[in-house]
Chemist: 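Quick one: the structure is below, questions incoming.
All values derive from a computational prediction rather than experimental measurement. As the structure lists them, so they are numbered: ligands from 1, and atoms in each ligand from 1.
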Amino acid sequence: MPETEVYSVSSKESRPVVRKFLARPQPEGFGATVRRSIGRFELKYFDPFLALDEFSVSAPYGFPDHPHRGFETVTYMLQGAVTHEDFEGNKGSIEAGDLQWMTAGRGIVHSEMPAPHGTQKGLQLWINLSSKYKMIEPRYQEIGRKDVAETAKDGVKVRVIAGEALGIRSPIYTRTPTMYLDFTLKPGAQIRQPIPVSWNAFVYILEGEGIFGNIQSSPVTAHHLLLLGSSGYGLEAWNKSSKSLRFILVGGEPLGEPVVQFGPFVMNSQEEIDRTIEDYENCTNGFEKAKHWKSESTVLMGY
Ligand code: FJE
Ligand code: FE
């Protein structure tokens, strides 16, 4: 994040919750299930966020070889592990607590497949890139679970995926300025977390039940997405239940650009999408290495 971020001092109030969605399971990829909140038809785009999937996948299903262009995918594992392989020969396992921040830029072709035993769960957030960065070289930023910035105070634990909270900061470089915080609140705990003015922000509840924005509001349970309004300095949240509450708070600076999406390609115009499909089919302009590549897991599973 740039150092120019501005936090509102004009209001000491929390941002309000303005919309609430329950993310129900739906099929995605090859036999996988996702709870998609952002990216579904009622909420196609929440600038700069294209999709938020809480995924659950067991072998032999998953997300075999597929391309991306024009945005970033952020994979944050909650349970188990996913093996990632790409057309450059990068291969690795993303395990519970690990983070993979992938800037697809002009092109990545990869597979994301579950570890062989059990159910693998995680979150995948798609963040749009500005027109000036859509065709940059692809880049990975990977942080293992032990190295994710984490701190705890007064019954609140935070893991800082991107941005800053409770005085600690993530080393992740966000091309599109983004904050991504994983909070766990013990019963009775509460938070006051600043959010930069003019950023769009949302909460997604992972476990337990919490009160968000207004202490008089009803508790919200797991798998709900809450869109926050623009007034207020940040987010206030309370755990008034007898169980632990876990949620993510994500914010981003809106790009304010036209978005044309065709599956895993996200550009600014239909012409650029047409060119992207050509590039992918012809293995040009960033997709050169797709020509003779198949992931090992795809070969193994006989897809
Ligand atoms: C997909 C394009 C994709 N949600 N959550 C089209 F990129 C994908 C895809 C994923 C995905 C992968 C993981 Cl590990 C987690 C995800 C979409 O790979 F499923 C379709 N249909
Ligand atoms: Fe992918």
Chemist: Is there a heavy atom of His68 sitting under 4.0 angstrom from any atom of ligand 1?
Modeler: yes
Chemist: Taking all atoms of both residues into account, what is the closest heavy-atom pair of Leu185 and Asn239, and its distance?
Modeler: O-ND2, 2.9 Å
Chemist: Less than 4.0 Å between a side-chain N and a carboxylate O, is that true for Glu72 and Arg175?
Modeler: no
Chemist: Strictly distance-based, threshold 3.5 Å: is any side-chain N or O of Glu236 a donor or acceptor partner for the main-chain N or O of Glu13?
Modeler: no
Chemist: Considering non-hydrogen atoms of the protein only, which is the closest contact for atom 16 (C) of ligand 1, and what is the distance?
Modeler: Gln124 OE1, 3.4 Å
Chemist: Restricting to ring-ring contact (aromatic ring centres under 6.0 Å, His included), what partner residues turn up for Phe287, sequence neighbours left out?
Modeler: Tyr280
Chemist: Is there a polar contact, in the sense of an N or O pair closer than 3.5 Å, between Thr75 and ligand 1?
Modeler: no
Chemist: Can you see which heavy atom on Gly97 is nearest to which on Val148, and at what distance?
Modeler: O-CG2, 3.6 Å
Chemist: I need the protein N, O or S atoms closer than 2.8 Å to the Fe ion (ligand 2), given as residue plus atom name.
Modeler: His66 NE2, His68 NE2, His110 NE2, Glu112 OE1
Chemist: Counting only N and O atoms by type, is there a donor-acceptor contact under 3.5 Å from the side chain of Ser241 to the main-chain atoms of Lys243?
Modeler: yes
Chemist: Does ligand 1 come near enough to Glu28 that some N or O of the ligand is less than 3.5 Å from an N or O of the residue?
Modeler: yes
Chemist: Considering the heavy atoms of Gly29, write down every atom of ligand 1 situated less than 4.0 Å from one of them.
Modeler: 19 (F), 21 (N)
Chemist: Of the side chain and backbone of Phe265, name the one, both, or neither that has a heavy atom under 4.0 Å from an atom of ligand 1.
Modeler: neither
Chemist: List the closest protein heavy-atom neighbour of atom 17 (C) of ligand 1: residue, atom name, distance to the nearest 0.1 Å.
Modeler: Asp53 OD2, 3.5 Å
Chemist: Locate the shortest heavy-atom distance separating Gln120 from Ala81; write the atom from each residue and the value.
Modeler: OE1-N, 2.7 Å
Chemist: Return the option from Phe30, Phe55, Phe63 holding the heavy atom at the smallest distance from atom 10 (C) of ligand 1.
Modeler: Phe63
Chemist: Specify whether the nearest protein heavy atom to atom 6 (C) of ligand 1 is under 4.0 angstrom away.
Modeler: no
Chemist: Considering non-hydrogen atoms only, spot the tightest contact between Glu164 and Gln193 and give its length.
Modeler: O-NE2, 3.5 Å
Chemist: Run the side-chain hydrogen bond (donor to acceptor under 3.5 Å, both in side chains) test against Arg246 and tell me which residues pass, sequence neighbours left out.
Modeler: Asp182
Chemist: Leu50: which other cluster members, linking ILVMFWY side chains closer than 4.5 Å, directly or transitively?
Modeler: Tyr45, Phe71, Trp126, Leu255, Val259, Val266
